[in-house]
Protein chains: 2
Amino acid sequence: MELRQLTSLVALEESGFNVTLAAKQLFLVQSAVSQHLAQLEQELGTQLFMRKGKRLIGLTAAGEQVLNYARQALAIRENILDVGREHVEEGSGLLRIGTTHTQACYVLPAVIRAFRKQFPQVNLQINQGTPQQLVELVVTDRVDFSICTEELGEHSTLTAIPCYRWNRSLIALKGHPVLSEKPLSLERICNYPLITYTFGFTGANHMQTTFARAGLQPNVVLTAADTDVIKTYVREGMGVGLIASMAYSPDLDPDLETRDLSHMLPWETTWVAYHKDKYLRRYQKRFIDLLEQMILDNGATKLTEES
Amino acid sequence: MELRQLTSLVALEESGFNVTLAAKQLFLVQSAVSQHLAQLEQELGTQLFMRKGKRLIGLTAAGEQVLNYARQALAIRENILDVGREHVEEGSGLLRIGTTHTQACYVLPAVIRAFRKQFPQVNLQINQGTPQQLVELVVTDRVDFSICTEELGEHSTLTAIPCYRWNRSLIALKGHPVLSEKPLSLERICNYPLITYTFGFTGANHMQTTFARAGLQPNVVLTAADTDVIKTYVREGMGVGLIASMAYSPDLDPDLETRDLSHMLPWETTWVAYHKDKYLRRYQKRFIDLLEQMILDNGATKLTEES
DNA sequence: ACTCCTTACGGAGCACGTAACTATA
DNA sequence: TATAGTTACGTGCTCCGTAAGGAGT
């Protein structure tokens with residue numbers, strides 16, 4: 001058994017059991033990958049693949065198990081290579097982050113600015129995706145870690161660290177009647193058409209249940225995955241926005257006004273998560289530190305101060 | 001990086017950083033292993049070994065990390081091979097057990113008898129050792145699992161399952177005055193010279209603290225790692241034996257008599273432990289089941305009935 | 001007809017063994 | 001001097017690529 005055979009197995013699965021495609025991704029010809037797979041099956045003495053004639057269409061039970069172990073083995077290889085890189089190219093390398101739009105635009109910039117100052121030689125790569133995609137990315141080691149508010153805490157293969165807590169603000173065009181509501185309550189907010197995050201993003205579901213428990217039916221006229229879209233439609237006059245507080249900036253949004261809603265809506269925790277068996281290089285650990293540190297400096301509510 | 005290079009690394013460490021010896025164990029010549037190690041270092045770009053001239057005398061920090069990952073990688077390879085074996089040679093294979101003398105002689109025979117009936121094709125290999133050695137054996141995958149009373153529960157890389165609980169009996173030659181003591185108490189036992197298990201074996205330390213807490217100083221004239229030795233010296237008239245209850249059998253020991261001490265000495269739990277990332281073949285799982293099951297059938301106290 | 005996988009075959013590269021050299025104890 | 005490790009070099013194996021053949025869509 002060779003690592004290269006396991007590599008082919010993983011690539012095969014990731015290419016939807018298309019040997020040709022897998023080979024391309026590995027910069028090999030089909031026949032090479034085909035041989036790897038045949039060799040594996042021969043050595044193990046078991047069918048690993050379900051076939052339709054010559055075509056591979058899936059894995060057998062044994063194949064699933066082997067694939068699982070193959071992934072682990074390749075992850076370990078990466079760890080070993082990272083140990084090497086850490087000593088050779090100390091302070092330089094690649095940092096691959098997966099995150100949502102909101103984090104990427106409104107939270108990470110400050111963190112990344114500080115990080116770049118400490119590690120100017122580290123190349124950054126930000127992958128944007130849905131929370132589900134972010135889990136997938138970090139589980140398959142296509143990013144070093146993912147940062148977002150949902151999903152991350154629940155996966156057993158991930159180590160998830162709470163970074164900071166946040167809540168929501170209401171935004172509206174200056175002069176909008178909602179801004180004059182006193183006191184501002186959930187009931188009153190429900191009298192206006194609302195624009196907020198799509199289910200599965202940025203704590204939207206969490207918020208929804210809060211309304212439901214209060215017996216309220218908010219009139220959500222539009223949902224979006226990212227804050228900029230919400231702002232855009234608030235500016236269009238389509239309604240009142242409910243966004244993460246850190247996504248409002250008086251400089252960038254001089255035409256909008258906010259009201260803090262943290263006393264009436266649930267607090268959210270943003271997590272950073274990485275694969276629990278992953279070797280973390282020094283700069284990767286530092287980045288996580290900064291994530292917590294920077295938020296603290298900015299005066300946002302840090303987790304440890306709560307509870 | 002190739003698995004074979006990692007194999008050489010692990011073999012090197014296990015042979016005390018003697019390349020020649022490592023090569024022999026791998027059925028290779030020195031130069032081959034030497035090259036593997038050189039290749040690894042070159043690919044990682046880092047010193048992995050501390051050297052004294054040409055001789056390797058230990059690992060650098062990086063080397064330690066790589067070794068650790070190498071072990072994991074090789075364990076995964078074994079898992080994959082086991083998946084294959086499970087499907088090819090179903091019901092046959094090798095079962096490597098590590099255990100202490102007492103378990104091997106007085107508990108396992110019945111389990112193994114039942115196991116052999118179900119899996120006559122599985123070869124058995126029993127490795128005897130101290131609890132510390134048993135941990136080492138199972139951590140380095142030189143046995144499939146270890147069975148004993150100490151140590152196993154405390155290692156994070158092991159999955160330890162409580163099998164059954166037991167306590168001690170006193171044994172003495174027929175007619176020995178201790179057998180007439182009524183009621184039999186810890187104090188009275190302390191009036192006789194005692195023979196029991198060596199510290200670190202079969203719950204000896206646990207028992208010792210019980211005496212100490214009662215303010216008693218037992219007169220232990222001899223300790224031994226296994227029960228047969230204890231019986232031998234009891235027969236010599238050297239003193240009174242304190243042994244695991246299951247180690248007495250009226251058939252084998254017609255010249256000895258016992259008194260149950262379970263009301264005055266602490267209960268012990270015997271564990272079976274295997275490496276937590278290990279793939280368990282069907283017959284290996286079955287064996288663990290049997291361990292619990294057989295003890296129940298024999299009327300011994302099963303864990304779940306307690307507490 | 002096109003795509004996809006397998007098999008056969010050849011060349012380049014590499015892994016291991018032999019052996020000579022170097023260094024440690 | 002004996003033991004241990006590195007380096008050089010040759011041979012045989014193997015890995016990948018080319019190419020031809022069969023199987024599915």
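Proteins get letters first, then strands, A, B, ... in listed order; numbering begins at 1 in each.
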With a 3.5 Å cut-off and just heavy-atom distances, do the side chain of B/S31 and the base of C/dT18 make a donor-acceptor pair? yes
Rounded interatomic separation in angstrom, taking [atom1] from [X] and [atom2] from [N]:
{"X": "B/L26", "N": "C/dC16", "atom1": "CG", "atom2": "P", "result": "10 Å"}
{"X": "A/L56", "N": "D/dG24", "atom1": "CG", "atom2": "P", "result": "13 Å"}
{"X": "B/K24", "N": "D/dG5", "atom1": "NZ", "atom2": "C1'", "result": "14 Å"}
{"X": "B/E2", "N": "D/dC15", "atom1": "CD", "atom2": "C1'", "result": "11 Å"}
{"X": "A/L28", "N": "C/dC5", "atom1": "CG", "atom2": "C1'", "result": "16 Å"}
{"X": "B/M50", "N": "D/dG5", "atom1": "CE", "atom2": "C1'", "result": "18 Å"}
{"X": "B/Q30", "N": "C/dA15", "atom1": "CD", "atom2": "P", "result": "18 Å"}
{"X": "B/F27", "N": "C/dG17", "atom1": "CZ", "atom2": "P", "result": "12 Å"}

What does B/V19 touch in the nucleic acid at a heavy-atom separation under 4.0 angstrom: a base, only the sugar-phosphate, or nothing? sugar-phosphate
Applying a 4.0 Å non-hydrogen cut-off, can you work out what A/F17 is touching in the nucleic acid: base, sugar-phosphate, or nothing? sugar-phosphate
Looking at A/R96 and A/D141, is there a salt bridge between them, counting it only when a charged N and a carboxylate O are closer than 4.0 Å? yes
Using a strict threshold of under 4.0 Å (side-chain N to carboxylate O), is an ion pair present between B/R85 and B/E90? no
Using the closest heavy atom to pick a nucleotide of DNA chain D for each, name whichever of A/I57 or A/Q5 lands nearer the 5' end. A/Q5
How would you list all residue pairs meeting salt bridge (charged side-chain N to carboxylate O under 4.0 Å, His left out) that involve residues 47-68 of chain B, not counting sequence neighbours? B/E41-B/R51
Using atom names, set out every protein N or O paired with an N or O of nucleotides 22-24 of chain C below 3.5 Å, distance rounded to 0.1 Å.
{"from": "C/dT24", "atom 1": "O2", "to": "B/R55", "atom 2": "NH2", "distance (Å)": "2.8"}

Ring centroids only, cut at 6.0 angstrom: are B/F287 and B/F145 within range, meaning strictly under it? yes
Compare the minimum distances between each of D/dG17, C/dC5, D/dG5 and the side chain of B/S34, then state the nucleotide with the smallest one. D/dG5
Run the salt bridge (Lys or Arg N to Asp or Glu O under 4.0 Å) test on B/E2 and A/R77 for me, step by step, so that the C-alpha distance in whole Å, both residues' side-chain angles and the decisive distance to 0.1 Å come before the verdict. CA-CA 9 Å; B/E2 299 295 328; A/R77 175 173 65 180; over 6 Å; no
Just wondering, are more than 12 heavy atoms of other shown residues or ligands nearer than 6.0 Å to CD in A/Q42? no
Distance (rounded to the nearest 0.5 Å) between B/Q25 CD and B/L12 CG: 10.0 Å
Tell me which residues in residues 35-46 of chain B lie within less than 4.0 Å of DNA chain C, going by non-hydrogen atoms. B/Q35, B/H36, B/Q39
Closest approach of B/E150 to B/A204 (non-hydrogen atoms, all atoms of both residues): OE2-N, 3.9 Å
Verify side chain to side chain contact (heavy atoms under 4.5 Å, CB included) between B/N123 and B/L95, making sure each step is shown before the conclusion. CA-CA 6 Å; B/N123 294 322; B/L95 182 62; over 6 Å; no
D/dG24 OP1/OP2 closer than 4.0 Å to side-chain N/O of A/R51: no
Distance check: side-chain N/O of A/N18 vs OP1/OP2 of C/dC5, anything under 4.0 Å? yes
Do we see a donor-acceptor contact under 3.5 Å between the side chains of B/T149 and B/T270? yes
